[in-house]
Amino acid sequence: VGSIFMYSPSSLLSASSGADNSWVGLLYLVAAGLFMVAALAGWFLSAFSIRRSADKRWKNFAVTIFIGVMAANAVILATIFIASVSFSANLGTDLIAEDQRGDVACFVDRDVSCTLCDAERPEDKCPEWTLDEVTRLLRTQLKQSASLAAIFIVYALSVLRFGIVLRKHLSLYQIDYV
């Protein structure tokens, strides 16, 4: 998802679009990296058993990393969600300017139906797309971003809850034999 929002030429959240909110794609990539770190910590927790006290310390360390990574991920995803909803809501009150309309339309639809994308006056760029259509397109992409962030937040919080329960069970685990 992050690479689509960050690098896709059809995404208005990409760095090449020049949008103010292009950092959303970068945050999605960071969240994906954190999910990968959490997956590796989870693999370590499941792959190795506790046979001595040093193993228990390593597992406690892995659970702590797991919890910290998932908490950070939940905060990053909440930031993405809030930013996407906020940007989408602001599109209703702060309409994009006419010169931005032409740039966005040419960016999204250059090879299909836009004409005059190389015009010097921004108002002349891509007259086939109205301001309302471009605004709806921007709002749709921001709503998609918010929906994905909400789904990932639910997953991150459920995994975080699992990590906290696992830490509690691990602290009660006895390895000393009589």
Side-chain angles (χ1 to χ4, degrees), residues 1-42 66-163:
V1 172
S3 62
I4 291 171
F5 282 135
M6 188 78 175
Y7 301 114
S8 174
S10 64
S11 173
L12 299 173
L13 299 175
S14 70
S16 62
S17 71
D20 293 337
N21 47 4
S22 62
W23 52 270
V24 170
L26 178 64
L27 283 184
Y28 270 114
L29 290 174
V30 170
L34 290 175
F35 273 124
M36 179 60 110
V37 170
L40 291 173
F66 186 79
I67 291 171
V69 164
M70 290 314 296
N73 216 352
V75 169
I76 288 171
L77 290 167
T79 302
I80 293 171
F81 177 77
I82 291 168
S84 296
V85 169
S86 173
F87 289 145
S88 178
N90 286 341
L91 280 177
T93 58
D94 301 330
L95 291 175
I96 60 175
E98 182 62 30
D99 59 335
Q100 292 174 318
R101 180 214 51 86
D103 290 337
V104 168
C106 284
F107 181 75
V108 172
D109 198 23
R110 178 180 299 268
D111 297 329
V112 180
S113 67
C114 267
T115 58
L116 302 174
C117 285
D118 296 328
E120 290 185 26
R121 291 182 41 206
E123 303 85 35
D124 294 338
K125 290 183 177 180
C126 197
E128 296 84 7
W129 282 65
T130 66
L131 185 63
D132 184 51
E133 291 171 332
V134 171
T135 302
R136 281 188 285 156
L137 180 69
L138 285 167
R139 189 173 288 126
T140 299
Q141 285 190 354
L142 289 167
K143 286 179 181 179
Q144 289 170 346
S145 172
S147 298
L148 285 171
I151 291 168
F152 292 148
I153 287 170
V154 169
Y155 178 72
L157 291 176
S158 66
V159 171
L160 179 63
R161 186 177 142 280
F162 169 77

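In this chain, residues are counted from 1 in sequence order. Note that the coordinates shown come from a computational prediction; the quantities given were computed from them, not determined experimentally. Side chains included, hydrogens not; waters and symmetry mates left out as well; all remaining heavy atoms used.
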Listed by chain and number, what are the side chain to side chain contact (heavy atoms under 4.5 Å, CB included) partners of Ala38, not counting sequence neighbours?
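Partners of Ala38 under the side chain to side chain contact (heavy atoms under 4.5 Å, CB included) test: Phe66, Val69, Met70.
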Partners meeting side chain to side chain contact (heavy atoms under 4.5 Å, CB included) with Arg161 (sequence neighbours left out)
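With sequence neighbours excluded, Arg161 shows a side chain to side chain contact (heavy atoms under 4.5 Å, CB included) to no residue whatsoever.
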Shortest non-hydrogen contact from Leu160 to Ile67?
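Smallest interatomic distance, heavy atoms only, reads CD1-O, 3.4 Å.
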Looking only at heavy atoms, what is the nearest atom pair of Glu133 and Glu128, with distance?
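The answer is OE1-O, 3.6 Å.
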For [Y], does its backbone N or O pair with a side-chain atom of [X] as donor and acceptor, under 3.5 Å?
X      : Y      : answer
Tyr28  : Ser145 : yes
Gln141 : Leu138 : no
Ser84  : Phe81  : no
Asn73  : Leu34  : no

Taking the side chain as C-beta and beyond, is there a heavy-atom pair between Thr115 and Pro127 under 4.5 Å?
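Side-chain contact under 4.5 Å: yes.
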Going through the checks in order, is the side-chain contact (heavy atoms from CB on, under 4.5 Å) test met by Leu77 and Tyr155?
CA-CA 10 Å; Leu77 290 167; Tyr155 178 72; over 6 Å; no
[atom2] on [Y] to [atom1] on [X], rounded to 0.5 Å:
X      : Y      : atom1 : atom2 : result
Ile80  : Phe152 : CD1   : CZ    : 9.0 Å
Ile153 : Thr79  : CD1   : OG1   : 8.5 Å
Leu142 : Gln144 : CG    : CD    : 9.5 Å

Going by ring pair (Phe, Tyr, Trp, His ring centres under 6.0 Å), name the residues that satisfy it together with Phe162, two or more places apart in sequence or in a different chain.
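Ring pair (Phe, Tyr, Trp, His ring centres under 6.0 Å) check on Phe162 returns nothing, list empty.
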